[in-house]
Amino acid sequence: MKQLNREPIVPLPGSHFVRHAVRAIVIRGEEILLLYTARYDDYTLPGGGVDEGEEIEVALSRELLEETGAQSITHISPFGIYEEYQSWYKPDFDNVHIISHCFIVDICGSFTEPQMESYEQANGMRPVWLPIKDAILHNRETLANSDKKGQSIYRELAILESVAKEVIGLNFD
């Protein structure tokens with residue numbers, strides 16, 4: 001898969017571990033299925049960590065179901081990989097090296113109620129369909145002006161801009 005990073009990947013000082021993650025890109029016309037997080041005032045792709053021994057496609061289906069309620073995936077196509085280092089919040093390591101495997105996904109059928117984890121609920125996370133250009137402009141505004149932005153906004157903005165350009169044909173340069 002192609003690398004989606006715009007800048008070189010630079011490790012943070014200190015110890016780190018590797019965490020593989022999946023990100024789902026679900027497009028309907030010029031809209032994209034995203035998660036709005038009130039705590040950080042940003043939009044992110046549905047996805048999360050791949051459990052030890054779990055296949056990537058299984059993790060993708062699980063995360064989509066948990067976070068959006070999407071019950072059926074009909075097609076999975078690799079889009080790219082985004083790598084980053086983030087500060088870690090537990091005492092065992094200083095940082096985490098996240099390798100996000102991004103896939104374009106088709107879904108069908110009805111949605112059930114999302115089964116968010118407690119921290120996702122506490123952060124005010126909810127699934128939304130939104131024009132991709134609105135999500136990009138909103139995340140750019142949050143990045144430029146918000147004191148409460150999360151670490152993941154850089155990743156999300158880079159991936160959304162790549163999807164807008166390469167999949168939908170929109171250019172934000």
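Along the sequence shown, the residues carry numbers beginning at 1.
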**OP:** Determine, using the 4.5 Å side-chain heavy-atom cutoff (strictly less than), whether Leu12 and Trp88 are members of one ILVMFWY cluster.
**Re:** no
Original post:
Given side chains that start at C-beta, do those of Gln3 and Ile9 come closer than 4.5 Å, heavy atoms only?
Top reply: yes
Subject >> Rounded distance [0.5 Å steps], OG1 in Thr44 versus CG in Asn139 >> reply: 8.5 Å
Original post:
Quick one: CG on Leu33 to CG on Leu130, what's the gap to the nearest 0.5 Å?
Top reply: 10.5 Å
Original post:
Is Tyr85 reachable from Val96 through a run of I, L, V, M, F, W or Y residues, each pair having side-chain heavy atoms under 4.5 Å apart?
Top reply: no
**OP:** Find the distance between CG (Leu4) and CD1 (Ile159) and round it off to the nearest 0.5 Å.
**Re:** 6.0 Å
**OP:** Sequence neighbours left out, what pairs pass salt bridge (charged side-chain N to carboxylate O under 4.0 Å, His left out) with at least one residue falling in residues 3-15?
**Re:** Arg6-Glu161
Original post:
Atom CD1 in Ile32, atom CD1 in Ile168: separation rounded to 0.5 Å?
Top reply: 6.0 Å
Original post:
Taking C-beta and beyond as the side chain, do Val105 and Ile25 meet within less than 4.5 Å on heavy atoms?
Top reply: no
Original post:
Which heavy-atom pair separates Ser87 from Asn95 by the least distance, and what is that distance?
Top reply: CA-OD1, 3.7 Å
Subject >> Glu166 side chain vs Val163 backbone, donor-acceptor pair below 3.5 Å >> reply: no
**OP:** Output all residues satisfying side-chain contact (heavy atoms from CB on, under 4.5 Å) with Ser118, sequence neighbours left out; order by chain, then residue number.
**Re:** none
Original post:
Which pairs with one or both residues in residues 103-122 pass ring-ring contact (aromatic ring centres under 6.0 Å, His included), sequence neighbours excluded?
Top reply: none
Original post:
With side chains defined as the heavy atoms from C-beta onward, is the minimum distance between Thr68 and Val26 less than 4.5 Å?
Top reply: no
Subject >> Joint hydrophobic cluster, Met116 plus Leu65, side-chain heavy atoms closer than 4.5 Å >> reply: no
Original post:
When rounded to the nearest 0.5 angstrom, what distance separates OG1 in Thr37 from CE in Met125?
Top reply: 3.5 Å
Original post:
Is there a donor-acceptor pair closer than 3.5 Å between any side-chain N or O of Glu67 and the backbone N or O of Gly47?
Top reply: yes
Original post:
Do you reckon Leu45 sits in the same ILVMFWY cluster as Tyr82, going by side-chain contacts under 4.5 Å, direct or chained?
Top reply: yes
Original post:
If you look only at pairs with a residue in residues 49-74, which of them pass as a ring-ring contact (aromatic ring centres under 6.0 Å, His included), with sequence neighbours excluded?
Top reply: none
Original post:
Do Phe79 and Ser162 have side-chain heavy atoms sitting under 4.5 Å apart?
Top reply: yes
Subject >> Sequence neighbours excluded - ring-ring contact (aromatic ring centres under 6.0 Å, His included) pairs with any residue from residues 124-154 >> reply: Tyr43-His138
Original post:
Who passes side-chain contact (heavy atoms from CB on, under 4.5 Å) against Tyr89, sequence neighbours left out?
Top reply: none
Original post:
For Glu117 and Glu120, which heavy atoms make the closest approach, and how far apart are they?
Top reply: N-OE1, 2.7 Å
**OP:** Determine, using the 4.5 Å side-chain heavy-atom cutoff (strictly less than), whether Ile136 and Val128 are members of one ILVMFWY cluster.
**Re:** yes
Subject >> Contacts of type salt bridge (Lys or Arg N to Asp or Glu O under 4.0 Å), residue Arg126, not counting sequence neighbours >> reply: none
Original post:
Are Tyr40 and Asn123 close enough, and set up right, to give a side-chain contact (heavy atoms from CB on, under 4.5 Å), and what steps lead you there?
Top reply: CA-CA 8 Å; Tyr40 302 119; Asn123 287 342; 4.2 Å; yes
All N/O donor-acceptor pairs, side-chain side in residues 54-63, below 3.5 Å, sequence neighbours left out:
unit_1: Glu54; atom_1: OE1; unit_2: Asp51; atom_2: N; d: 2.8
unit_1: Glu54; atom_1: OE1; unit_2: Arg62; atom_2: NH2; d: 2.9
unit_1: Glu54; atom_1: OE2; unit_2: Arg62; atom_2: NE; d: 2.8
unit_1: Ser61; atom_1: OG; unit_2: Glu57; atom_2: O; d: 3.3
unit_1: Arg62; atom_1: NH2; unit_2: Gly49; atom_2: O; d: 2.9

**OP:** Among residues two or more places apart or on two chains, list those pairs meeting salt bridge (charged side-chain N to carboxylate O under 4.0 Å, His left out) that have a residue in residues 68-84.
**Re:** Glu84-Arg155
Subject >> Those residues that, when tested against Ser100, pass side chain to side chain donor-acceptor pair (under 3.5 Å) (two or more places apart) >> reply: Arg23
Original post:
What pairs meet the salt bridge (charged side-chain N to carboxylate O under 4.0 Å, His left out) rule with one or both residues in residues 37-46, with sequence neighbours excluded?
Top reply: none
Original post:
Would a 4.5 Å heavy-atom cut-off, applied to side chains only, mark Glu66 and Pro114 as touching?
Top reply: no
Subject >> Heavy-atom side-chain contact between Leu160 and Leu34 under 4.5 Å >> reply: yes
Original post:
Taking atom CD of Glu30 as the centre, does the number of heavy atoms from other residues, nucleotides or ligands within less than 6.0 Å exceed 12?
Top reply: no
Per-pair distances, 0.1 Å, donor-acceptor, side chain in residues 13-21, under 3.5 Å, sequence neighbours excluded:
unit_1: Ser15; atom_1: OG; unit_2: Asp94; atom_2: N; d: 3.2
unit_1: Ser15; atom_1: OG; unit_2: Asp94; atom_2: OD2; d: 3.4
unit_1: His20; atom_1: ND1; unit_2: His101; atom_2: NE2; d: 2.9

Subject >> Donor-acceptor pair, side chain of Gln86 and main chain of His97, under 3.5 angstrom >> reply: no
Subject >> Point-to-point distance, once rounded to the nearest 0.5 Å, from CG of Leu170 to NZ of Lys133 >> reply: 7.5 Å
